[in-house]
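First comes the structure, then the notes that go with it.
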Amino acid sequence: MRRISSTFRPLAFVLVSLSGLGACAGPLDSPGMVSAGPMAPDPIPPADPADQRGLEAWLEGFRPRALAAGIAPETLDRALRGVRYNPKVIERDRNQAEFTKPIWDYLDSAVSDTRIANGRAMLARHRALLDAIEAQYGVDREVVVAIWGMESNYGNHRGNMLLIPSLATLAYDGRRGAFFESQLIAALRIVQTGDVDPARMTGSWAGAMGHTQFIPTSYLAYAVDFTGDGKRDIWSENPADALASTAAYLARSGWVKGQPWGVEVRLPAGFDTGLAGKKRRRSTAEWSALGLRTAQGGALVDHGPAALLLPAGAKGPAFLIFGNFRVIARYNAADAYVIGVGHLSDRLRGKGPIVAAWPRTSRPLTEPERIELQRRLTAAGYDTGGVDGLIGSQTMSAIGAFQRARGLPVDGYPSVKILEMLR
(Lines give C-alpha, C1' and ligand atoms only; values in the text may rest on other atoms or scores of the structure.)
Protein backbone atom coordinates (compact mmCIF):
# COMPACT_ATOMS: atom_id res chain seq x y z
CA MET A 1 0.00 0.00 0.00
CA ARG A 2 1.18 3.43 -0.61
CA ARG A 3 1.77 5.74 -2.30
CA ILE A 4 0.29 9.20 -2.78
CA SER A 5 1.98 11.67 -0.50
CA SER A 6 0.17 12.24 2.78
CA THR A 7 0.98 15.92 2.32
CA PHE A 8 -1.33 16.12 -0.66
CA ARG A 9 -5.05 15.70 -0.22
CA PRO A 10 -6.57 15.68 -3.72
CA LEU A 11 -9.97 17.33 -3.86
CA ALA A 12 -11.64 18.00 -7.18
CA PHE A 13 -8.66 16.56 -8.99
CA VAL A 14 -6.21 13.75 -8.51
CA LEU A 15 -2.51 13.86 -9.28
CA VAL A 16 -1.83 10.39 -10.58
CA SER A 17 1.61 8.96 -11.19
CA LEU A 18 2.51 5.67 -12.79
CA SER A 19 3.33 4.32 -9.34
CA GLY A 20 0.24 5.69 -7.79
CA LEU A 21 -3.11 4.03 -8.07
CA GLY A 22 -2.86 0.34 -8.79
CA ALA A 23 -5.35 -0.92 -11.32
CA CYS A 24 -7.07 2.43 -11.50
CA ALA A 25 -4.09 3.86 -13.35
CA GLY A 26 -4.40 1.21 -16.03
CA PRO A 27 -7.16 0.20 -18.41
CA LEU A 28 -10.68 -0.40 -17.25
CA ASP A 29 -11.59 -3.89 -16.16
CA SER A 30 -12.71 -6.35 -18.78
CA PRO A 31 -16.03 -8.09 -18.14
CA GLY A 32 -15.53 -11.29 -16.20
CA MET A 33 -11.80 -10.66 -15.91
CA VAL A 34 -10.05 -13.26 -13.79
CA SER A 35 -6.40 -13.87 -13.07
CA ALA A 36 -4.61 -15.76 -15.81
CA GLY A 37 -2.31 -17.44 -13.30
CA PRO A 38 1.33 -16.94 -12.37
CA MET A 39 3.59 -15.39 -14.97
CA ALA A 40 7.36 -15.30 -15.26
CA PRO A 41 8.90 -12.11 -13.86
CA ASP A 42 9.57 -9.35 -16.35
CA PRO A 43 13.11 -9.60 -17.74
CA ILE A 44 15.58 -6.95 -16.63
CA PRO A 45 16.81 -5.04 -19.67
CA PRO A 46 20.54 -4.52 -20.30
CA ALA A 47 22.11 -1.71 -18.28
CA ASP A 48 25.06 0.57 -18.83
CA PRO A 49 28.11 -1.27 -17.41
CA ALA A 50 28.96 1.80 -15.33
CA ASP A 51 25.53 1.64 -13.68
CA GLN A 52 25.98 -2.04 -12.91
CA ARG A 53 29.42 -1.41 -11.40
CA GLY A 54 27.97 1.45 -9.37
CA LEU A 55 25.19 -0.75 -8.03
CA GLU A 56 27.66 -3.48 -7.08
CA ALA A 57 29.82 -0.96 -5.22
CA TRP A 58 26.73 0.39 -3.46
CA LEU A 59 25.72 -3.12 -2.43
CA GLU A 60 29.13 -3.64 -0.83
CA GLY A 61 28.56 -0.53 1.27
CA PHE A 62 24.99 -1.57 2.00
CA ARG A 63 25.93 -5.00 3.32
CA PRO A 64 27.19 -3.81 6.74
CA ARG A 65 24.03 -1.71 7.20
CA ALA A 66 21.85 -4.68 6.37
CA LEU A 67 23.80 -6.91 8.76
CA ALA A 68 23.40 -4.30 11.49
CA ALA A 69 19.64 -4.32 10.78
CA GLY A 70 19.50 -8.04 11.52
CA ILE A 71 19.71 -9.50 8.01
CA ALA A 72 21.73 -12.72 8.10
CA PRO A 73 24.78 -13.13 5.81
CA GLU A 74 23.21 -16.15 4.13
CA THR A 75 20.05 -14.13 3.37
CA LEU A 76 22.13 -11.40 1.78
CA ASP A 77 24.08 -13.92 -0.25
CA ARG A 78 20.94 -15.65 -1.42
CA ALA A 79 18.88 -12.57 -2.21
CA LEU A 80 21.54 -10.23 -3.62
CA ARG A 81 23.71 -12.62 -5.57
CA GLY A 82 23.69 -11.54 -9.19
CA VAL A 83 21.37 -8.59 -8.63
CA ARG A 84 21.34 -6.44 -11.74
CA TYR A 85 20.75 -2.75 -12.16
CA ASN A 86 17.31 -2.26 -13.69
CA PRO A 87 17.17 0.83 -15.91
CA LYS A 88 13.43 0.33 -16.37
CA VAL A 89 12.64 1.32 -12.78
CA ILE A 90 14.76 4.46 -13.05
CA GLU A 91 12.95 5.38 -16.25
CA ARG A 92 9.63 4.87 -14.51
CA ASP A 93 10.76 6.87 -11.49
CA ARG A 94 12.02 9.75 -13.62
CA ASN A 95 9.04 9.86 -15.92
CA GLN A 96 6.06 9.67 -13.59
CA ALA A 97 4.21 11.94 -15.92
CA GLU A 98 1.85 13.74 -13.60
CA PHE A 99 -1.45 14.52 -15.19
CA THR A 100 -4.41 16.32 -13.73
CA LYS A 101 -7.47 14.15 -13.47
CA PRO A 102 -10.76 15.53 -12.14
CA ILE A 103 -12.25 13.43 -9.37
CA TRP A 104 -15.32 12.68 -11.47
CA ASP A 105 -13.15 11.16 -14.21
CA TYR A 106 -11.23 9.21 -11.59
CA LEU A 107 -14.42 7.82 -10.07
CA ASP A 108 -15.87 7.01 -13.49
CA SER A 109 -12.94 4.61 -13.87
CA ALA A 110 -12.50 3.48 -10.28
CA VAL A 111 -16.18 2.73 -9.80
CA SER A 112 -17.09 1.69 -13.32
CA ASP A 113 -20.01 -0.61 -14.01
CA THR A 114 -17.57 -3.37 -14.93
CA ARG A 115 -15.58 -2.97 -11.73
CA ILE A 116 -18.80 -3.12 -9.72
CA ALA A 117 -19.95 -6.25 -11.57
CA ASN A 118 -16.58 -7.96 -11.14
CA GLY A 119 -16.51 -7.01 -7.47
CA ARG A 120 -19.92 -8.54 -6.88
CA ALA A 121 -18.73 -11.67 -8.65
CA MET A 122 -15.72 -11.81 -6.31
CA LEU A 123 -17.98 -11.40 -3.28
CA ALA A 124 -19.97 -14.39 -4.43
CA ARG A 125 -16.97 -16.49 -5.45
CA HIS A 126 -15.12 -15.95 -2.18
CA ARG A 127 -18.13 -15.85 0.11
CA ALA A 128 -16.87 -18.45 2.59
CA LEU A 129 -13.42 -16.88 2.76
CA LEU A 130 -14.87 -13.39 3.26
CA ASP A 131 -17.25 -14.71 5.91
CA ALA A 132 -14.26 -16.00 7.87
CA ILE A 133 -12.18 -12.83 7.40
CA GLU A 134 -15.07 -10.60 8.46
CA ALA A 135 -15.75 -12.77 11.51
CA GLN A 136 -12.13 -12.65 12.62
CA TYR A 137 -11.27 -9.01 11.94
CA GLY A 138 -14.62 -7.22 12.09
CA VAL A 139 -14.04 -5.37 8.81
CA ASP A 140 -16.86 -5.18 6.29
CA ARG A 141 -16.14 -7.47 3.38
CA GLU A 142 -17.24 -4.97 0.76
CA VAL A 143 -14.49 -2.57 1.83
CA VAL A 144 -11.84 -5.30 1.65
CA VAL A 145 -13.03 -6.30 -1.81
CA ALA A 146 -13.19 -2.63 -2.91
CA ILE A 147 -9.54 -2.14 -1.94
CA TRP A 148 -8.69 -5.33 -3.84
CA GLY A 149 -10.46 -3.95 -6.89
CA MET A 150 -8.83 -0.54 -6.64
CA GLU A 151 -5.32 -1.84 -6.02
CA SER A 152 -4.97 -4.69 -8.50
CA ASN A 153 -8.24 -5.11 -10.38
CA TYR A 154 -9.10 -8.11 -8.19
CA GLY A 155 -5.64 -9.62 -8.55
CA ASN A 156 -5.16 -9.13 -12.27
CA HIS A 157 -2.59 -6.31 -12.12
CA ARG A 158 -0.30 -7.27 -9.24
CA GLY A 159 2.94 -6.23 -10.91
CA ASN A 160 5.50 -8.63 -12.32
CA MET A 161 8.87 -7.02 -11.64
CA LEU A 162 11.41 -8.64 -9.33
CA LEU A 163 11.32 -6.50 -6.21
CA ILE A 164 14.81 -6.87 -4.82
CA PRO A 165 16.61 -5.68 -7.99
CA SER A 166 14.07 -2.86 -8.32
CA LEU A 167 14.48 -1.70 -4.71
CA ALA A 168 18.27 -2.05 -4.84
CA THR A 169 18.38 0.02 -8.02
CA LEU A 170 16.18 2.73 -6.55
CA ALA A 171 18.09 2.80 -3.26
CA TYR A 172 21.40 3.11 -5.11
CA ASP A 173 20.00 5.78 -7.42
CA GLY A 174 19.59 8.01 -4.39
CA ARG A 175 16.70 10.27 -5.37
CA ARG A 176 14.63 8.69 -2.59
CA GLY A 177 17.44 6.50 -1.39
CA ALA A 178 16.63 6.35 2.33
CA PHE A 179 13.04 5.30 1.67
CA PHE A 180 13.94 2.61 -0.83
CA GLU A 181 16.80 1.31 1.33
CA SER A 182 14.31 0.86 4.18
CA GLN A 183 12.03 -1.05 1.81
CA LEU A 184 14.95 -3.18 0.59
CA ILE A 185 15.87 -4.15 4.14
CA ALA A 186 12.22 -4.98 4.83
CA ALA A 187 12.10 -7.09 1.65
CA LEU A 188 15.22 -8.98 2.77
CA ARG A 189 13.62 -9.54 6.15
CA ILE A 190 10.57 -11.04 4.39
CA VAL A 191 12.86 -13.41 2.50
CA GLN A 192 14.59 -14.28 5.76
CA THR A 193 11.29 -15.28 7.37
CA GLY A 194 10.77 -17.82 4.60
CA ASP A 195 7.48 -16.32 3.42
CA VAL A 196 8.66 -16.01 -0.18
CA ASP A 197 11.62 -16.88 -2.35
CA PRO A 198 13.43 -13.89 -3.91
CA ALA A 199 12.64 -15.25 -7.39
CA ARG A 200 8.93 -15.14 -6.55
CA MET A 201 8.90 -11.75 -4.83
CA THR A 202 7.38 -9.66 -7.57
CA GLY A 203 5.35 -6.47 -7.65
CA SER A 204 5.27 -2.98 -9.07
CA TRP A 205 8.42 -1.16 -10.06
CA ALA A 206 8.25 0.88 -6.83
CA GLY A 207 7.86 -2.06 -4.47
CA ALA A 208 4.11 -2.61 -3.98
CA MET A 209 3.29 -6.31 -3.79
CA GLY A 210 0.46 -8.75 -4.14
CA HIS A 211 -3.30 -8.56 -4.52
CA THR A 212 -3.67 -5.47 -2.35
CA GLN A 213 -0.27 -3.91 -3.01
CA PHE A 214 1.51 -3.88 0.33
CA ILE A 215 4.94 -2.27 0.41
CA PRO A 216 7.50 -4.37 2.33
CA THR A 217 7.37 -2.38 5.57
CA SER A 218 3.57 -2.59 5.65
CA TYR A 219 3.78 -6.31 4.92
CA LEU A 220 6.01 -6.82 7.95
CA ALA A 221 3.67 -4.82 10.15
CA TYR A 222 0.31 -6.19 9.03
CA ALA A 223 0.47 -9.28 6.79
CA VAL A 224 -1.09 -12.45 8.23
CA ASP A 225 -1.04 -16.17 7.46
CA PHE A 226 -4.77 -16.74 7.16
CA THR A 227 -4.51 -20.10 5.38
CA GLY A 228 -2.36 -21.57 8.17
CA ASP A 229 0.32 -22.90 5.84
CA GLY A 230 3.10 -21.12 7.71
CA LYS A 231 3.58 -18.35 5.13
CA ARG A 232 2.03 -14.93 4.65
CA ASP A 233 1.61 -15.41 0.93
CA ILE A 234 0.12 -12.31 -0.66
CA TRP A 235 1.54 -13.32 -4.07
CA SER A 236 -0.44 -16.56 -4.41
CA GLU A 237 -3.28 -17.02 -6.85
CA ASN A 238 -5.30 -17.74 -3.71
CA PRO A 239 -6.10 -14.23 -2.37
CA ALA A 240 -6.83 -15.41 1.19
CA ASP A 241 -3.69 -14.12 2.91
CA ALA A 242 -3.77 -10.83 0.98
CA LEU A 243 -7.42 -10.08 1.75
CA ALA A 244 -7.03 -11.07 5.39
CA SER A 245 -3.91 -8.90 5.65
CA THR A 246 -5.87 -5.94 4.34
CA ALA A 247 -8.62 -6.58 6.87
CA ALA A 248 -5.99 -6.87 9.62
CA TYR A 249 -4.50 -3.54 8.56
CA LEU A 250 -7.87 -1.80 8.65
CA ALA A 251 -8.83 -3.43 11.96
CA ARG A 252 -5.61 -2.32 13.63
CA SER A 253 -6.16 1.16 12.24
CA GLY A 254 -9.48 1.43 14.10
CA TRP A 255 -12.17 0.16 11.74
CA VAL A 256 -15.70 0.27 13.16
CA LYS A 257 -17.82 -2.47 11.60
CA GLY A 258 -21.07 -1.25 10.12
CA GLN A 259 -20.11 2.43 10.23
CA PRO A 260 -20.16 4.04 6.79
CA TRP A 261 -17.06 5.74 5.44
CA GLY A 262 -19.34 8.63 4.56
CA VAL A 263 -22.86 9.55 3.55
CA GLU A 264 -23.82 11.85 0.71
CA VAL A 265 -25.84 14.76 2.05
CA ARG A 266 -27.92 17.65 0.78
CA LEU A 267 -27.05 21.14 2.05
CA PRO A 268 -29.78 23.69 2.71
CA ALA A 269 -29.98 26.93 0.77
CA GLY A 270 -27.61 29.53 2.15
CA PHE A 271 -25.54 26.97 4.07
CA ASP A 272 -22.19 28.24 5.34
CA THR A 273 -19.73 26.04 3.45
CA GLY A 274 -17.00 27.41 5.68
CA LEU A 275 -18.13 24.72 8.16
CA ALA A 276 -16.67 22.07 5.85
CA GLY A 277 -13.29 20.53 6.59
CA LYS A 278 -12.06 17.13 7.73
CA LYS A 279 -10.99 18.44 11.13
CA ARG A 280 -14.30 20.18 11.87
CA ARG A 281 -16.27 17.33 13.34
CA ARG A 282 -19.77 17.72 14.77
CA SER A 283 -22.42 15.38 16.07
CA THR A 284 -25.16 14.15 13.75
CA ALA A 285 -27.65 16.16 15.81
CA GLU A 286 -25.66 19.34 15.19
CA TRP A 287 -25.46 18.69 11.44
CA SER A 288 -29.19 17.97 11.37
CA ALA A 289 -29.90 21.20 13.23
CA LEU A 290 -27.91 23.05 10.55
CA GLY A 291 -30.32 21.69 7.95
CA LEU A 292 -28.36 18.80 6.44
CA ARG A 293 -30.35 15.88 5.08
CA THR A 294 -29.43 12.75 3.18
CA ALA A 295 -29.04 13.13 -0.57
CA GLN A 296 -32.52 11.65 -0.91
CA GLY A 297 -33.93 14.22 1.54
CA GLY A 298 -34.29 11.96 4.58
CA ALA A 299 -33.14 12.44 8.17
CA LEU A 300 -29.50 11.74 9.00
CA VAL A 301 -28.67 8.54 10.84
CA ASP A 302 -26.31 8.90 13.79
CA HIS A 303 -23.09 7.06 12.99
CA GLY A 304 -20.97 9.12 15.35
CA PRO A 305 -19.11 12.42 14.95
CA ALA A 306 -18.72 13.49 11.34
CA ALA A 307 -17.04 16.15 9.24
CA LEU A 308 -18.33 17.72 6.05
CA LEU A 309 -16.28 17.11 2.90
CA LEU A 310 -16.82 19.05 -0.33
CA PRO A 311 -14.47 17.27 -2.74
CA ALA A 312 -15.38 19.51 -5.68
CA GLY A 313 -16.07 22.66 -3.71
CA ALA A 314 -19.48 24.20 -3.08
CA LYS A 315 -20.77 23.26 -6.55
CA GLY A 316 -20.34 19.50 -6.26
CA PRO A 317 -21.50 16.61 -4.07
CA ALA A 318 -21.23 16.90 -0.29
CA PHE A 319 -20.44 14.09 2.14
CA LEU A 320 -20.51 13.66 5.88
CA ILE A 321 -17.46 11.53 6.62
CA PHE A 322 -17.02 9.34 9.71
CA GLY A 323 -14.15 7.64 11.50
CA ASN A 324 -13.86 4.90 8.89
CA PHE A 325 -12.93 7.53 6.29
CA ARG A 326 -9.75 8.17 8.27
CA VAL A 327 -9.09 4.42 8.51
CA ILE A 328 -9.19 3.99 4.73
CA ALA A 329 -6.96 7.06 4.48
CA ARG A 330 -4.34 5.13 6.48
CA TYR A 331 -4.14 2.82 3.48
CA ASN A 332 -3.87 5.71 1.02
CA ALA A 333 -4.10 9.32 2.13
CA ALA A 334 -5.67 10.76 -1.03
CA ASP A 335 -9.25 11.89 -0.51
CA ALA A 336 -10.15 10.74 -4.01
CA TYR A 337 -8.85 7.25 -3.26
CA VAL A 338 -10.82 7.06 -0.01
CA ILE A 339 -14.00 8.21 -1.76
CA GLY A 340 -13.30 5.69 -4.53
CA VAL A 341 -12.93 2.79 -2.10
CA GLY A 342 -15.90 3.92 -0.04
CA HIS A 343 -18.20 4.49 -2.98
CA LEU A 344 -17.17 1.21 -4.64
CA SER A 345 -17.90 -0.62 -1.39
CA ASP A 346 -21.32 1.05 -1.27
CA ARG A 347 -22.06 -0.04 -4.84
CA LEU A 348 -20.99 -3.60 -4.00
CA ARG A 349 -23.63 -3.51 -1.23
CA GLY A 350 -26.25 -2.55 -3.78
CA LYS A 351 -26.44 1.18 -3.08
CA GLY A 352 -26.93 3.63 -5.91
CA PRO A 353 -24.61 6.14 -7.57
CA ILE A 354 -23.72 9.55 -6.19
CA VAL A 355 -26.82 11.72 -6.53
CA ALA A 356 -25.51 15.27 -6.91
CA ALA A 357 -23.90 16.29 -10.19
CA TRP A 358 -20.18 16.92 -10.43
CA PRO A 359 -19.12 20.27 -11.93
CA ARG A 360 -17.85 18.56 -15.06
CA THR A 361 -17.41 21.81 -16.97
CA SER A 362 -14.78 23.04 -14.49
CA ARG A 363 -11.15 22.36 -15.01
CA PRO A 364 -8.58 21.74 -12.29
CA LEU A 365 -5.52 23.90 -11.91
CA THR A 366 -2.32 22.77 -13.54
CA GLU A 367 0.79 22.36 -11.41
CA PRO A 368 2.22 25.77 -12.45
CA GLU A 369 -1.15 27.33 -11.60
CA ARG A 370 -1.22 25.65 -8.20
CA ILE A 371 2.24 26.99 -7.49
CA GLU A 372 1.15 30.45 -8.63
CA LEU A 373 -1.96 30.22 -6.45
CA GLN A 374 0.13 29.44 -3.36
CA ARG A 375 2.64 32.13 -4.18
CA ARG A 376 -0.05 34.78 -4.63
CA LEU A 377 -1.93 33.71 -1.51
CA THR A 378 1.28 33.93 0.53
CA ALA A 379 2.09 37.35 -0.90
CA ALA A 380 -1.44 38.51 0.03
CA GLY A 381 -0.90 37.43 3.64
CA TYR A 382 -2.57 34.01 3.55
CA ASP A 383 -0.08 31.40 4.73
CA THR A 384 -0.12 28.22 2.59
CA GLY A 385 2.70 26.55 4.51
CA GLY A 386 4.99 26.61 1.49
CA VAL A 387 4.89 26.89 -2.26
CA ASP A 388 5.11 23.36 -3.66
CA GLY A 389 2.05 22.89 -5.84
CA LEU A 390 0.51 20.44 -3.38
CA ILE A 391 -2.95 21.42 -2.21
CA GLY A 392 -2.96 20.36 1.43
CA SER A 393 -5.01 21.44 4.41
CA GLN A 394 -3.02 24.63 5.01
CA THR A 395 -3.45 25.82 1.43
CA MET A 396 -7.16 25.04 1.65
CA SER A 397 -7.37 27.05 4.87
CA ALA A 398 -5.59 29.94 3.16
CA ILE A 399 -8.06 29.79 0.26
CA GLY A 400 -10.92 29.73 2.75
CA ALA A 401 -9.58 32.79 4.55
CA PHE A 402 -9.26 34.61 1.22
CA GLN A 403 -12.81 33.64 0.28
CA ARG A 404 -14.14 34.81 3.65
CA ALA A 405 -12.36 38.15 3.30
CA ARG A 406 -13.92 38.63 -0.13
CA GLY A 407 -17.40 37.64 1.01
CA LEU A 408 -17.40 34.49 -1.12
CA PRO A 409 -18.75 31.05 -0.22
CA VAL A 410 -16.00 29.41 1.82
CA ASP A 411 -15.04 25.94 0.63
CA GLY A 412 -11.24 26.09 0.28
CA TYR A 413 -11.48 24.90 -3.30
CA PRO A 414 -8.50 25.80 -5.54
CA SER A 415 -10.41 27.07 -8.55
CA VAL A 416 -9.42 29.01 -11.64
CA LYS A 417 -11.73 31.79 -10.42
CA ILE A 418 -9.80 32.16 -7.15
CA LEU A 419 -6.50 32.31 -9.03
CA GLU A 420 -7.87 34.97 -11.37
CA MET A 421 -9.06 37.04 -8.41
CA LEU A 422 -5.58 36.88 -6.90
CA ARG A 423 -3.88 38.04 -10.11
Side-chain angles (χ1 to χ4, degrees), residues 1-3 22-23 33-42 70-72 74-76 78-80 118-119 122-123 125-137 139 141 143-167 183-253 331:
M1 80 202 46
R2 47 86 187 77
R3 254 111 50 210
M33 184 178 281
V34 294
S35 177
M39 297 176 63
D42 291 343
I71 306 301
E74 54 269 27
T75 300
L76 290 169
R78 176 186 173 205
L80 298 179
N118 287 346
M122 291 300 167
L123 283 166
R125 179 183 303 177
H126 299 287
R127 179 176 177 179
L129 168 63
L130 293 165
D131 281 346
I133 289 173
E134 188 170 306
Q136 179 155 337
Y137 296 104
V139 176
R141 69 190 63 202
V143 172
V144 173
V145 171
I147 288 175
W148 188 20
M150 294 280 284
E151 292 291 347
S152 71
N153 186 14
Y154 308 111
N156 288 282
H157 301 153
R158 283 171 272 169
N160 210 41
M161 300 184 76
L162 287 170
L163 251 73
I164 287 177
S166 296
L167 294 172
Q183 297 307 315
L184 177 58
I185 288 174
L188 292 168
R189 192 165 285 124
I190 293 167
V191 170
Q192 188 161 282
T193 66
D195 281 332
V196 66
D197 186 89
R200 206 173 144 255
M201 182 183 268
T202 55
S204 77
W205 67 268
M209 311 177 296
H211 287 264
T212 52
Q213 297 289 279
F214 274 37
I215 60 173
T217 49
S218 295
Y219 174 99
L220 289 174
Y222 300 106
V224 299
D225 171 21
F226 198 73
T227 62
D229 66 355
K231 295 182 178 181
R232 298 171 291 175
D233 191 355
I234 65 173
W235 300 269
S236 171
E237 292 306 300
N238 179 355
D241 284 357
L243 298 182
S245 296
T246 298
Y249 184 96
L250 296 175
R252 288 178 58 185
S253 298
Y331 208 91

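Worth saying up front: this structure is predicted, and the values here are computed from it rather than measured.
Nearest heavy atom pair, residue I234 against residue A242, reads CG2-CA, 3.8 Å. Between A248 and Y222, the shortest heavy-atom distance links the atoms CB-O, 3.9 Å. Minimum interatomic distance between E134 and V139 (heavy atoms only, all atoms of both residues): CG-O, 3.4 Å. Between I133 and A247, the shortest heavy-atom contact is CG2-CB, 3.5 Å. Of all heavy-atom pairs between N238 and A240, the closest is OD1-N, 3.0 Å. Summarising the geometry of V224 relative to Y137, their closest heavy-atom pair is CG2-OH, 3.5 Å, with the distance given to 0.1 Å.
Side-chain contact between I164 and L188 is present, with heavy atoms from C-beta onward closer than 4.5 Å. Looking at heavy atoms from C-beta onward, P216 lies in side-chain contact with L167 at the 4.5 angstrom threshold. When side chains are defined from C-beta on, D233 does not count as touching T227, because their heavy atoms never get closer than 4.5 Å.
Among residues two or more places apart in sequence or in another chain, the ring pair (Phe, Tyr, Trp, His ring centres under 6.0 Å) test is passed with Y219 by W235. Under the side-chain hydrogen bond (donor to acceptor under 3.5 Å, both in side chains) criterion, S245 pairs with no residue at all, not counting sequence neighbours. With sequence neighbours excluded, no residue satisfies side-chain hydrogen bond (donor to acceptor under 3.5 Å, both in side chains) with R189. Partners of T75 by side-chain hydrogen bond (donor to acceptor under 3.5 Å, both in side chains), not counting sequence neighbours, listed by chain and number: Q192.
Between atom OG1 of residue T212 and atom OH of residue Y331 there is a gap of 3.5 Å, rounded to the nearest 0.5 Å. In this structure, CE on M201 lies 4.5 Å from CD1 on I190, to the nearest 0.5 angstrom. R141 contributes atom CZ, which lies 11.5 Å from atom CG of L243 (distance to the nearest 0.5 angstrom). Once rounded to the nearest 0.5 Å, the distance linking CD1 of I147 with OH of Y154 reads 11.5 Å. Taking OG of S236 as the reference point, atom CZ of R200 lies at 6.0 Å (rounded to 0.5 Å). Here CG of L163 is found 6.5 Å from OG of S204. Values are rounded to the nearest 0.5 Å.
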message: Run Q183 and T217 through side-chain contact (heavy atoms from CB on, under 4.5 Å) and show every step you take.
response: CA-CA 6 Å; Q183 297 307 315; T217 49; 3.0 Å; yes
Checklist line | Derivation and outcome, salt bridge (Lys or Arg N to Asp or Glu O under 4.0 Å), residues R158 and E237 | finding: CA-CA 10 Å; R158 283 171 272 169; E237 292 306 300; 2.8 Å; yes
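Applying the 6.0 Å contact sphere to CZ of R127 captures no more than 12 heavy atoms from other residues, nucleotides or ligands.
For residues 208-232, the salt bridge (charged side-chain N to carboxylate O under 4.0 Å, His left out) pairs, not counting sequence neighbours, are D195-R232. For the salt bridge (charged side-chain N to carboxylate O under 4.0 Å, His left out) condition, no pair includes a residue of residues 207-219, sequence neighbours left out.
Judged by distance alone, the side chain of S218 and the main-chain N or O of F214 form no donor-acceptor pair under 3.5 Å.
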